[in-house]
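Reading through the structure tokens given below for one structure.
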Amino acid sequence: MKNGPLAVVGAAVLWGTAGTAGLLVSADSVALAAARLVIGGAALALVAGAALRRTVSPALLLGAVAVAAYQLCFFAAVSRTGVAIGTVVAIGSGPVFTGLLSWLLHGRRPGARWALATTAAICGCAALIVGGGDGAPGAAGGQAALGVAFALLGGLLYAFYAVTAARAISGGAESNAVMGVMFGGAAVIMLPVLVLTGAEWLAEPRSLLAVAYLGLGTTALSYLLYGRGLRTTPVATAATLALAEPAVAALLGVVVLREHLGPVSVAGLVLLAIALVAVAVPERVRERALESQP
């Protein structure tokens with residue numbers, strides 16, 4: 001399959017629509033994240049079908065814990081640092097941790113082009129988000145430091161479940177079943193969180209429609225695409241390509257929400273786009289080289 005990077009970018013595009021869709025819901029952010037994961041995880045488990053049972057493994061169950069813990073760490077981070085800083089640290093550290101874990105655990109050392117493109121993409125992502133001016137004014141130093149720690153832990157958890165999924169898929173497991181195990185397990189873990197935070201808001205038609213899209217579109221469909229992409233795309237490359245998410249979110253903010261991007265954000269968007277193209281090109285070049293061999 002030659003379209004692995006495209007599948008990953010497709011997943012990132014869906015992730016990028018989550019923020020805009022979430023504005024239709026008045027629920028607490030943790031409750032919304034729990035509902036999204038419960039619906040999406042259940043859908044992924046159903047898609048996996050009979051393959052789910054034979055794909056279950058201790059590593060993938062640990063990955064399920066990481067999926068659920070990532071959600072909690074991310075919201076713990078942004079509540080202490082603000083959306084901009086928490087998002088930059090969590091999303092930006094993910095590709096770095098993914099590259100390091102892939103190298104340390106499986107001996108897959110990322111190349112120099114990946115390192116340069118990933119650095120540029122993270123800088124672009126930071127400029128894009130911070131340039132919007134959504135920080136955390138007045139946050140206490142101790143709380144901000146704790147928030148950054150939660151964000152870094154979130155980036156590490158994302159890297160762990162991405163590398164775990166890639167390892168299982170490269171070992172011959174069906175990508176749909178791998179995602180079904182991890183996200184179905186995470187749904188079971190997050191169900192009590194949804195119950196404890198309250199689910200009365202789901203009775204509102206607009207909220208129910210929005211969370212259905214978040215669960216089925218930005219979670220189930222997106223991770224089906226992500227898993228498909230991992231079949232042929234190195235996980236470190238996939239993690240960098242996933243940085244298309246904040247770019248899509250920013251563009252939707254301009255087009256749908258009538259938001260304004262400042263010069264710093266526009267520069268970050270351009271840098272991010274260039275970096276994503278750069279990190280995707282080596283995969284295509286390598287595939288052509290392999291096809292040309294006798």
Side-chain angles (χ1 to χ4, degrees), residues 11 15 18 28-48 51-80 86-87 89-91 93-102 104-106 146-171 173-197 199 214-215 218-220 222-224 226-227 230 235-236 238-239 242:
W15 294 332
D28 173 79
S29 57
V30 175
L32 178 58
R36 173 188 178 186
L37 197 52
V38 167
I39 293 172
L44 284 165
L46 287 173
V47 169
L52 189 72
R53 182 173 298 179
R54 62 175 178 267
T55 307
V56 173
S57 70
L60 290 180
L61 292 178
L62 194 56
V65 175
V67 170
Y70 170 80
Q71 297 288 330
L72 299 178
C73 283
F74 179 78
F75 287 107
V78 297
S79 68
R80 290 167 172 82
T87 301
V89 175
I91 293 180
S93 65
V96 177
F97 283 130
T98 302
L100 291 175
L101 283 180
S102 182
L104 293 175
L105 298 180
H106 309 306
L146 182 59
V148 169
F150 273 122
L152 288 171
L153 179 57
L156 181 59
L157 288 166
Y158 165 80
F160 175 78
Y161 75 72
V163 170
T164 300
R167 177 71 170 176
I169 293 168
S170 65
E174 296 180 22
S175 60
N176 291 356
V178 169
M179 294 302 170
V181 171
M182 289 203 309
F183 282 83
V188 172
I189 295 171
M190 292 298 284
L191 184 58
V193 176
L194 177 59
V195 172
L196 290 174
T197 53
L214 288 169
T218 71
T219 302
S222 65
Y223 275 98
L224 288 175
Y226 191 70
L230 288 177
V235 66

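The chain is numbered in sequence order, starting from 1.
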Roughly how far, to the nearest 0.5 Å, is [atom2] of [Y] from [atom1] of [X]?
{"X": "Leu32", "Y": "Leu194", "atom1": "CG", "atom2": "CG", "result": "10.0 Å"}
{"X": "Leu46", "Y": "Asn176", "atom1": "CG", "atom2": "CG", "result": "12.5 Å"}
{"X": "Tyr70", "Y": "Phe150", "atom1": "OH", "atom2": "CZ", "result": "14.5 Å"}

All pairs passing side chain to side chain donor-acceptor pair (under 3.5 Å) where residues 29-44 contributes a residue, at least two apart: Arg36-Thr218, Arg36-Thr219
Please work out whether the ring planes of Tyr161 and Phe183 are parallel, tilted or perpendicular, with thresholds of 30° and 60°. perpendicular
What do the steps show when you test Val148 against Leu152 for side chain to side chain contact (heavy atoms under 4.5 Å, CB included), and what is the final call? CA-CA 6 Å; Val148 169; Leu152 288 171; 4.1 Å; yes
Run the numbers on Val193 and Val30 for side chain to side chain contact (heavy atoms under 4.5 Å, CB included), then give the verdict. CA-CA 8 Å; Val193 176; Val30 175; 3.9 Å; yes
Is the shortest heavy-atom distance from the side chain of Val96 to the side chain of Leu100 under 4.5 Å? yes
Is there side-chain contact between Met179 and Leu230, with heavy atoms separated by less than 4.5 Å? yes
Distance-minimising heavy-atom pair for [X] and [Y]:
{"X": "Ala162", "Y": "Tyr226", "value": "CB-OH, 3.9 Å"}
{"X": "Ala33", "Y": "Gln71", "value": "CB-OE1, 3.4 Å"}
{"X": "Ala45", "Y": "Gly184", "value": "CB-CA, 4.3 Å"}
{"X": "Ala173", "Y": "Thr55", "value": "CB-CG2, 4.2 Å"}
{"X": "Ala187", "Y": "Ala42", "value": "CB-N, 4.2 Å"}
{"X": "Ala239", "Y": "Pro95", "value": "O-CG, 3.5 Å"}

Donor-acceptor contact below 3.5 Å, side chain Ser102 vs main chain Thr98: no
Give the C-alpha distance, both sets of side-chain angles, the deciding distance and a yes or no for side chain to side chain contact (heavy atoms under 4.5 Å, CB included) between Thr164 and Val178. CA-CA 9 Å; Thr164 300; Val178 169; over 6 Å; no
Would you be so kind as to tabulate the donor-acceptor pairs closer than 3.5 Å made by side chains of residues 59-67, with sequence neighbours excluded?
none

